[in-house]
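All residue numbers refer to positions in the sequence shown, counting from 1.
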Amino acid sequence: ESRGPVMGYVDEKSTWQLIHAAAHELGKHFSSWSELGHAFLQGRTVWNQGTDARFSAIVAQLESSPESPWNQYEWSEVVAEPDSSAQLRK
């Protein structure tokens with residue numbers, strides 16, 4: 001269930017539209033969950049002026065855990081055109 005509408009800023013349908021549009025945009029810049037995660041770590045390292053093992057561990061867990069959304073959803077499905085990505089909702 002999406003938490004976007006909880007605060008009343010946007011309804012659930014609009015929340016999913018925003019999520020799908022953002023995912024599609026990510027697909028233009030990254031080719032996999034792993035590439036996205038490592039780009040995040042690089043950006044965080046620059047912002048933080050150093051590495052933070054906690055975030056590296058989180059990305060490693062997202063890459064390796066069978067329960068991770070990264071291993072439950074194919075990258076190509078997640079970044080598909082927003083109109084065709086309705087299958088992401090559970």
- Task: Give a yes or no on whether the backbone of Q61 and the side-chain of S65 come within a donor-acceptor separation of less than 3.5 Å.
- Result: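 Between the backbone of Q61 and the side chain of S65 there is no qualifying donor-acceptor contact (under 3.5 Å).
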- Between D52 and R54, is the closest basic N to carboxylate O distance under 4.0 Å?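 Looking at R54 and D52, the cut-off is met.
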- Message: Under the rule for side-chain contact (heavy atoms from CB on, under 4.5 Å), what residues qualify as partners of S34, not counting sequence neighbours?
- Response: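 If we apply the side-chain contact (heavy atoms from CB on, under 4.5 Å) test to S34, skipping adjacent residues, the hits are S32, H38, E63.
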- Which pair of non-hydrogen atoms, one from V78 and one from A23, has the smallest distance, and what is that distance?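 Smallest heavy-atom distance, with atoms named: O-CB, 3.3 Å.
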Taking atom [atom1] of [X] and atom [atom2] of [Y], what is their separation to the nearest 0.5 Å?
X: E67; Y: Q72; atom1: CD; atom2: CD; result: 7.5 Å
X: L41; Y: N48; atom1: CG; atom2: CG; result: 11.5 Å
X: F40; Y: L62; atom1: CZ; atom2: CG; result: 10.0 Å
X: L26; Y: E35; atom1: CG; atom2: CD; result: 11.0 Å

- Message: Suppose we screen for ring-ring contact (aromatic ring centres under 6.0 Å, His included). Which residues come up paired with W33, at least two apart in sequence or across chains?
- Response: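 Once residues adjacent in sequence are excluded, the partners of W33 under the ring-ring contact (aromatic ring centres under 6.0 Å, His included) criterion are W70, W75.
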- Item | Qualifying salt bridge (charged side-chain N to carboxylate O under 4.0 Å, His left out) pairs, either residue in residues 16-28, two or more places apart |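 Output for this query lists E25-K28.
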- Between S76 and E74: side-chain donor-acceptor atoms closer than 3.5 Å: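 Side-chain D/A pair, S76 to E74: absent.
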